Chemist: 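Handing you a structure now.
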Amino acid sequence: MPELPEVECVRRSLEPHLVGRTIARTRVSLPKLARPHPKALRQGLAGRTITDTQRHGKLLILPLSDGAFWTIHLGMTGQLICAPRRPQAKHIHITISFQDHGPRLYFRDLRQFGFMAFCPDRHSLQTGPLASFGPDALKISPQELAQRLAHRRAPIKTLLLDQHILAGVGNIYADEALFRARISPLARPIDLHPQQLLQLHHAIQQTLHEAITRGGSSVRNFVDARGRAGTFQHQHNVYRRTGQPCPRCHTPISRITLGGRSTHFCPHCQAADRG
DNA sequence: GAATACCTGAGC
DNA sequence: GCTCAGGTATTC
């Protein structure tokens with residue numbers, strides 16, 4: 001479920017439960033979710049203390065004692081659960097227990113697209129889990145966004161989903177940000193005025209910040225580490241609203257496929273010839 | 001770029 | 001039975 005706002009909500013809900021705690025034991029029941037392999041994850045985490053919680057795009061980064069890092073990507077259906085006992089749930093693939101014998105951390109992932117990785121130092125973090133990510137979507141400047149989009153020829157929606165360009169925007173927030181900026185998902189960067197790129201940058205920031213404030217979007221069943229659902233799905237203007245009236249002009253929302261992903265937009269407010 | 005692959009489940 | 005699902009890497 002998680003795009004940048006959901007991962008940020010997970011990070012915030014996790015922080016008070018994790019920082020300062022020392023890992024005792026890691027149990028991996030689905031080896032492919034542990035990188036580079038289960039033994040490295042188990043041995044790397046054992047005895048190390050979590051010193052902070054950070055996020056880059058959709059990647060959770062937990063700095064550890066001795067300059068190591070633990071990274072977690074939730075993929076499409078990943079969920080972190082902090083609880084004293086194993087929840088009555090299927091698809092729990094990794095369990096972390098701590099030296100204080102307090103609540104454990106359970107990694108649940110139905111579709112198995114997520115992962116946990118151990119990085120012994122900053123270099124392996126940057127050449128490993130972080131290698132494929134551009135700047136964080138909440139930290140990138142308008143100038144840098146414009147620069148990174150400049151000579152790309154794909155439709156803008158496809159580019160927003162490309163984590164090499166900027167990290168954190170997924171299908172929901174790409175559609176919602178383009179609606180706010182009144183830009184067609186089919187527009188190419190070369191078609192856009194500099195002013196429109198500024199609007200897009202602003203729309204991305206606004207949409208992501210507002211979603212974080214509302215606890216993220218629980219389209220299917222996203223919950224944070226304490227089991228709380230978000231409410232931003234009630235603020236969606238276009239995402240999964242095919243055929244329903246545009247909140248701005250009442251034209252029915254269209255749905256097309258772009259880069260293999262369903263794409264929702266208002267054909268009037270976001271008309272291609274209006275950028 | 002588009003298609004496909006990795007997975008399981010919900011909803012029709 | 002079929003289509004769709006919020007992510008990403010790899011192939012043609």
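Please read all numbers here as calculations on a predicted model, not as lab measurements. Chain letters run A, B, ... following the sequence lines, proteins first, then strands; residues in each count from 1.
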Chemist: For a 4.0 angstrom threshold against heavy atoms of chain A, report the outermost contacting nucleotides of DNA chain B in 5' to 3' order.
Modeler: B:dG1 to B:dA10

Chemist: Strictly distance-based, threshold 3.5 Å: is any side-chain N or O of A:T51 a donor or acceptor partner for the main-chain N or O of A:P63?
Modeler: yes

Chemist: Between C:dA5 and B:dG1, how far apart are the two C1' atoms, rounded to whole Å?
Modeler: 22 Å

Chemist: Can you give me the N/O atom pairs linking the protein to nucleotides 8-12 of chain C at distances under 3.5 Å, or say none if there are none?
Modeler:
{"unit_1": "C:dT8", "atom_1": "OP1", "unit_2": "A:H73", "atom_2": "NE2", "d": "2.8"}
{"unit_1": "C:dT8", "atom_1": "OP2", "unit_2": "A:K58", "atom_2": "NZ", "d": "2.9"}
{"unit_1": "C:dA9", "atom_1": "OP1", "unit_2": "A:S132", "atom_2": "OG", "d": "3.2"}

Chemist: Counting distance only, does the side-chain N/O of A:Q235 pair as donor-acceptor with the main-chain N or O of A:F232 below 3.5 Å?
Modeler: no

Chemist: Can a donor-acceptor pair be found, under 3.5 Å and without considering hydrogens, that links the side chain of A:Q233 to the backbone of A:S218?
Modeler: yes

Chemist: Do A:R11 and A:T53 have a side chain donor and acceptor closer than 3.5 Å?
Modeler: yes

Chemist: Is the side chain of A:R214 donor-acceptor paired with the backbone N or O of A:E210 at a distance under 3.5 Å, no angle test?
Modeler: no

Chemist: Pairs under 3.5 angstrom only: tabulate donor-acceptor contacts from the side chains of residues 150-167 of chain A to other protein residues two or more places apart or in another chain.
Modeler:
{"unit_1": "A:K157", "atom_1": "NZ", "unit_2": "A:N171", "atom_2": "OD1", "d": "2.7"}
{"unit_1": "A:K157", "atom_1": "NZ", "unit_2": "A:D175", "atom_2": "OD1", "d": "2.8"}
{"unit_1": "A:K157", "atom_1": "NZ", "unit_2": "A:S262", "atom_2": "O", "d": "3.2"}
{"unit_1": "A:K157", "atom_1": "NZ", "unit_2": "A:T263", "atom_2": "OG1", "d": "2.9"}
{"unit_1": "A:D162", "atom_1": "OD1", "unit_2": "A:H164", "atom_2": "N", "d": "2.9"}
{"unit_1": "A:D162", "atom_1": "OD1", "unit_2": "A:H164", "atom_2": "ND1", "d": "2.9"}
{"unit_1": "A:Q163", "atom_1": "OE1", "unit_2": "A:G168", "atom_2": "N", "d": "2.9"}
{"unit_1": "A:Q163", "atom_1": "NE2", "unit_2": "A:L161", "atom_2": "O", "d": "3.2"}
{"unit_1": "A:Q163", "atom_1": "NE2", "unit_2": "A:V169", "atom_2": "O", "d": "3.0"}

Chemist: Does any N or O in the side chain of A:H93 come within less than 3.5 Å of the main-chain N or O of A:D109, such that one atom is a donor and the other an acceptor?
Modeler: yes

Chemist: For the pair made of CG in A:L74 and C1' in C:dA5, what is the distance, rounded to whole Å?
Modeler: 16 Å

Chemist: So, does A:S65 use its side chain to make a donor-acceptor pair with the main chain of A:T49 at under 3.5 Å?
Modeler: yes

Chemist: Identify, with sequence neighbours excluded, every residue that meets side chain to side chain donor-acceptor pair (under 3.5 Å) alongside A:E144.
Modeler: none

Chemist: Would you say A:Q79's side chain and A:F222's backbone share a donor-acceptor pair under 3.5 angstrom?
Modeler: no

Chemist: How is A:G170 classified with respect to the nucleic acid when contacts are heavy atoms under 4.0 Å: base, sugar-phosphate, or nothing?
Modeler: sugar-phosphate

Chemist: I need the CD-C1' distance between A:E6 and C:dA5, as an integer number of Å.
Modeler: 14 Å

Chemist: What pairs with A:R55 under side chain to side chain donor-acceptor pair (under 3.5 Å), at least two apart in sequence or on another chain?
Modeler: A:E8, A:D136

Chemist: Rounded to whole angstrom, note down the C1' distance from B:dG9 over to C:dA9.
Modeler: 23 Å

Chemist: With a 4.0 Å heavy-atom cut-off, tell me which residues in residues 106-126 of chain A come close to DNA chain B, sorted by residue number.
Modeler: A:L110, A:R111, A:Q112, A:F113

Chemist: With ring-ring contact (aromatic ring centres under 6.0 Å, His included) as the rule and sequence neighbours excluded, what pairs involving residues 38-82 of chain A come up?
Modeler: A:H73-A:F115

Chemist: Listed in order of residue number, which residues of residues 233-241 of chain A have a non-hydrogen atom at under 4.0 Å from DNA chain C?
Modeler: A:Y239, A:R240

Chemist: Given 3.5 Å as the limit, does a donor-acceptor pair link the side chain of A:E15 with the main chain of A:D52, or not?
Modeler: no

Chemist: Please collect all salt bridge (charged side-chain N to carboxylate O under 4.0 Å, His left out) contacts where either partner lies in residues 85-107 of chain A, sequence neighbours excluded, each pair once.
Modeler: A:R21-A:D100

Chemist: Could you give the distance separating C:dT11 and B:dC7 at their P atoms, to the nearest angstrom?
Modeler: 16 Å

Chemist: Can you run through DNA chain C from 5' to 3' and write each base as (, ), [, ], | or . depending on how it pairs? Watson-Crick or G-U wobble, both distances under 3.5 Å.
Modeler: |||||.||||||

Chemist: Could you work out, with side chain to side chain donor-acceptor pair (under 3.5 Å) as the rule, every residue matching A:K139, not counting sequence neighbours?
Modeler: none

Chemist: Enumerate the residues from residues 34-41 of chain A whose closest heavy atom to DNA chain C is under 4.0 Å, giving them by residue number; use none for an empty result.
Modeler: none

